[in-house]
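One structure is given below, encoded as structure tokens.
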Amino acid sequence: SAYRKYLSVKPAESDVWSSLASCQLRLGRTKEAVDSIRRAIAVSPNKPALYKQAAIIYDASELLAETAEAAQKAIEMGKDDSVTLTLLGKSQTLAGKHQEAIKFLQEAIKLNPSNINARFHYAISLRALGQRDSAKQQLEEILWVKTDSPLKERAKQELQSN
């Protein structure tokens, strides 16, 4: 509510819109978060971090096309870190564009070998392309990572269905 009050006085503050979007996302208000991050980008369209944040919010909102578009824009603007590459790769995997997904997910894993989100979607794309042994290896790698994550359970399920 403090951010909303501030923005009613100074609506041209992209960082405040961005912070508001983060809060809304954490509260599960994805539609509001989408609106707020879009406003942040409208105010400051040259900030690559806003496009990365937008991709995160769109991904949480299950907006595949928007996730891919925002992640691609962030990457083009120089924000080509493991998270952004994962978001683009994941959106490609979910859209059935497995060949395109693989290159982004490989790069994400190269930048952060502990990125289990990238590994999981990489495995899904590998399996879709008939590379079952490589997919199995990626899923097993997820199980070895020390981080607790719901993706570990999904990896186990994928291994059992293999």
request  = Quick one: do Val83 and Asn117 satisfy side-chain contact (heavy atoms from CB on, under 4.5 Å)? Show the steps, please.
outcome  = CA-CA 9 Å; Val83 171; Asn117 195 13; over 6 Å; no
query = In a check of side-chain contact (heavy atoms from CB on, under 4.5 Å) between Lys79 and each of Thr84, Leu50, Leu85, which one passes?
reply = Thr84
query = Can you tell if the side chain of Asp15 reaches within under 4.5 Å of the side chain of Lys47, non-hydrogen atoms only?
reply = yes
Transitive ILVMFWY side-chain link Tyr51 to Ile37, under 4.5 Å = yes
inquiry  = Please evaluate residues Thr30 and Gln24 with respect to the criterion side-chain contact (heavy atoms from CB on, under 4.5 Å), reporting the C-alpha separation (whole Å), side-chain torsions for both, the decisive distance (0.1 Å), and the verdict.
reply    = CA-CA 7 Å; Thr30 54; Gln24 290 165 327; over 6 Å; no
key: Pairwise distance NE2(His121) to CG(Leu87) - rounded to 0.5 angstrom   = 10.0 Å
query = So, for Leu64 and Ala95, which heavy atoms are closest and what is the spacing to 0.1 Å?
reply = CD1-N, 4.3 Å
query = Can you name the closest pair of heavy atoms from Phe120 and Ala155 and give their distance?
reply = CE1-N, 3.9 Å
key: Taking every non-hydrogen atom, the tightest pair across Leu20 and Ser36   = CD2-OG, 3.6 Å
inquiry  = Quiz question: by atom type and distance under 3.5 Å, do the side chains of Thr67 and Ser91 form a donor-acceptor pair?
reply    = no
ask   = Are Leu111 and Phe104 connected, step by step, through hydrophobic side chains (Ile, Leu, Val, Met, Phe, Trp, Tyr) whose heavy atoms are closer than 4.5 Å?
value = yes
ask   = Looking at CD of Glu153 and CD1 of Ile142, how far apart are the two atoms once the value is rounded to the nearest 0.5 Å?
value = 12.0 Å
task = Could you walk me through whether Lys31 and Asp35 pass salt bridge (charged side-chain N to carboxylate O under 4.0 Å, His left out), step by step?
result = CA-CA 6 Å; Lys31 289 181 182 180; Asp35 181 55; over 6 Å; no
Ser61 side chain reached by Ile57 side chain, heavy atoms, under 4.5 Å = yes
ask   = Stepwise, does the side chain to side chain donor-acceptor pair (under 3.5 Å) test hold for His98 with Ser125?
value = CA-CA 5 Å; His98 300 289; Ser125 282; 2.9 Å; yes
inquiry  = If you apply the rule side-chain contact (heavy atoms from CB on, under 4.5 Å), what do you find for Leu151 with Arg119, and how did you get there?
reply    = CA-CA 10 Å; Leu151 279 177; Arg119 282 193 187 278; over 6 Å; no
key: Note, Val43 side chain near Glu13 side chain (heavy atom, < 4.5 Å)   = no
query = Is the backbone of Thr147 close enough, under 3.5 Å, to the side chain of Lys152 for a donor and an acceptor to pair up by distance?
reply = yes
task = Kindly say whether Ile41 contributes a backbone atom to a donor-acceptor pair with the side chain of Ser44 at under 3.5 angstrom?
result = no
ask   = What is the minimum heavy-atom distance between Ala70 and Ala54, and which atoms define it?
value = CB-CB, 4.0 Å
ask   = Quick one: CZ on Arg132 to NZ on Lys136, what's the gap to the nearest 0.5 Å?
value = 11.5 Å
ask   = Less than 4.5 Å apart, any side-chain heavy atom of Gln92 and any of Leu88?
value = yes
ask   = Would you call Val16 and Lys10 a side-chain contact if the rule is heavy atoms closer than 4.5 Å?
value = no
Which atom of Met77 lies closest to which atom of Pro45, heavy atoms considered = CE-O, 3.7 Å
query = Under the side chain to side chain donor-acceptor pair (under 3.5 Å) criterion, do Thr86 and Asn115 qualify, and how do the steps go?
reply = CA-CA 8 Å; Thr86 299; Asn115 184 336; 2.8 Å; yes
message = Measuring from atom OH of Tyr122 to atom CD of Glu141, what distance do you get when rounded to the nearest 0.5 angstrom?
response = 11.5 Å
key: Non-hydrogen side-chain atoms of Tyr58 and Arg38 separated by less than 4.5 Å   = yes
Over all atoms of both residues, closest heavy-atom pair of Pro11 and Trp17 = O-NE1, 2.8 Å
message = Between Glu32 and Leu25, is there a side-chain heavy-atom distance shorter than 4.5 Å?
response = no
query = Does CD in Gln72 sit with more than 12 non-hydrogen atoms of other residues, nucleotides or ligands closer than 6.0 Å?
reply = yes
query = What about Leu126 and Leu139, same hydrophobic cluster or not, with Ile/Leu/Val/Met/Phe/Trp/Tyr joined at side-chain heavy-atom distances under 4.5 Å?
reply = no
key: Separation between OG of Ser19 and OH of Tyr6, rounded to the nearest 0.5 Å   = 10.5 Å
message = Regarding Arg127 and Glu158, does a basic nitrogen lie under 4.0 Å from an acidic carboxylate oxygen?
response = yes
inquiry  = Would you say Ile116 ends up clustered with Ile124 if hydrophobic residues are merged whenever their side chains have heavy atoms under 4.5 Å apart, either directly or through other cluster members?
reply    = yes
